[in-house]
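All heavy atoms count here, side chains included; hydrogens, waters and symmetry mates do not.
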Amino acid sequence: MTDGFCQVTGEVDYGEELSFEDVGEAEAQLRHAIEEAMHDMGAEHLDFDTGGDMLSFESGFLIRPESIEQQLCERIASYFRLDMRGRVVVLERNLAPVIIFALTDGRVKRMNIDVFS
């Protein structure tokens, strides 16, 4: 890791309304979209974890991509159906503000949190 290292972590909750088969299909589509987005943005690594009705992922970049909102968040939010929701958290070194993207209903909401201001 370098001083500029940036960690991107995300979670997707499939909700209660999708059938078992629909969850499997949604997960396959989301994994593919996340893999493509991370590759396009130059991620150093990408790890997935699944559990119950959730998909989690973690990735790292040497420098925070400016396009996370468009290339990742908007891309995966477009796959959300029914009551699916998610979040993407961007954490940079050097105590930079934390960026949180909330994803629901195909929309993305961005929040910056600077705990030192």
Side-chain angles (χ1 to χ4, degrees):
M1 287 188 197
T2 68
D3 287 339
F5 192 77
C6 170
Q7 180 178 345
V8 177
T9 303
E11 297 177 309
V12 175
D13 180 350
Y14 298 114
E16 309 252 336
E17 296 182 33
L18 291 180
S19 69
F20 181 78
E21 292 80 16
D22 288 342
V23 166
E25 180 182 322
E27 180 175 321
Q29 291 173 338
L30 285 169
R31 278 181 178 256
H32 181 73
I34 293 166
E35 287 171 345
E36 281 187 337
M38 293 299 187
H39 178 269
D40 292 349
M41 293 186 298
E44 294 295 313
H45 67 88
L46 174 60
D47 297 313
F48 288 100
D49 187 29
T50 57
D53 290 339
M54 298 279 294
L55 172 66
S56 301
F57 61 91
E58 189 272 327
S59 186
F61 298 86
L62 294 178
I63 298 171
R64 178 176 57 90
E66 292 297 323
S67 59
I68 290 175
E69 185 168 359
Q70 291 79 29
Q71 283 193 284
L72 176 64
C73 298
E74 290 177 3
R75 184 182 287 184
I76 64 175
S78 70
Y79 288 96
F80 284 20
R81 297 180 270 170
L82 302 173
D83 62 340
M84 288 174 63
R85 59 190 181 138
R87 67 178 171 190
V88 174
V89 178
V90 180
L91 181 63
E92 293 181 84
R93 286 215 164 167
N94 300 321
L95 302 176
V98 176
I99 303 170
I100 301 172
F101 297 98
L103 297 79
T104 185
D105 296 326
R107 297 186 315 257
V108 177
K109 179 181 174 184
R110 178 184 174 141
M111 295 176 49
N112 293 339
I113 300 174
D114 186 349
V115 296
F116 300 107
S117 64

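- We find that Arg31 and Glu27 are joined by a salt bridge, their nearest charged nitrogen and carboxylate oxygen being less than 4.0 Å apart.
- How far CG of Asn94 is from SG of Cys6: 11.5 Å, rounded to the nearest 0.5 Å.
- How far CG of Leu46 is from CD of Glu58: 8.5 Å, rounded to the nearest 0.5 Å.
- The distance from atom NE2 of His39 to atom OG of Ser59, rounded to the nearest 0.5 Å, is 12.0 Å.
- Residues Val108 and Met41 share a hydrophobic cluster, clusters being chains of Ile/Leu/Val/Met/Phe/Trp/Tyr side chains in contact below 4.5 Å.
- In His45, the NE2 atom is crowded: over 12 heavy atoms of neighbouring residues, nucleotides or ligands sit closer than 6.0 Å.
- Expressed to the nearest 0.5 Å, how far CZ of Phe48 lies from CD1 of Ile34 amounts to 4.5 Å.
- When all heavy atoms of Tyr79 and Ala33 are compared, the closest pair comes out as CE1-CB, 3.5 Å.
- Counting heavy atoms of neighbouring residues, nucleotides and ligands inside a 6.0 Å radius, atom CE of Met111 does not exceed 12 of them.
- No continuous path of hydrophobic side-chain contacts links Val89 to Phe61 [ILVMFWY only; heavy atoms under 4.5 Å].
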Item to check | From CA spacing to verdict: side-chain contact (heavy atoms from CB on, under 4.5 Å), Leu72, Phe57 | outcome: CA-CA 12 Å; Leu72 176 64; Phe57 61 91; 4.2 Å; yes

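- Residues Val23 and Leu103 share a hydrophobic cluster, clusters being chains of Ile/Leu/Val/Met/Phe/Trp/Tyr side chains in contact below 4.5 Å.
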Next on the checklist: Between Leu82 and Tyr14, does the side-chain contact (heavy atoms from CB on, under 4.5 Å) criterion hold? Intermediate values first, please.
Outcome noted: CA-CA 9 Å; Leu82 302 173; Tyr14 298 114; over 6 Å; no

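- Side chains of His32 and Glu36: a donor on one and an acceptor on the other come within 3.5 Å.
- We find the CG-CE distance between Leu30 and Met84 to be 5.0 Å, quoted to the nearest 0.5 Å.
- For the atom pair OG of Ser67 and CD of Glu74, the computed distance is 10.5 Å after rounding to the nearest 0.5 Å.
- A continuous path of ILVMFWY side-chain contacts below 4.5 Å connects Val115 to Leu95, so both sit in one hydrophobic cluster.
- Residue pairs meeting the salt bridge (Lys or Arg N to Asp or Glu O under 4.0 Å) criterion with at least one partner in residues 8-26, sequence neighbours excluded, are Glu11-Arg87, Asp13-Arg85.
- For the 3.5 Å distance criterion, the side chains of Gln7 and Thr9 qualify, holding a donor opposite an acceptor.
- Between Arg75 and Ala37 the shortest heavy-atom distance is NH1-N, 3.0 Å.
- Put simply, Ile113 and Ile99 are part of two different groups of oily side chains (I, L, V, M, F, W, Y) that touch within less than 4.5 Å, one to the next.
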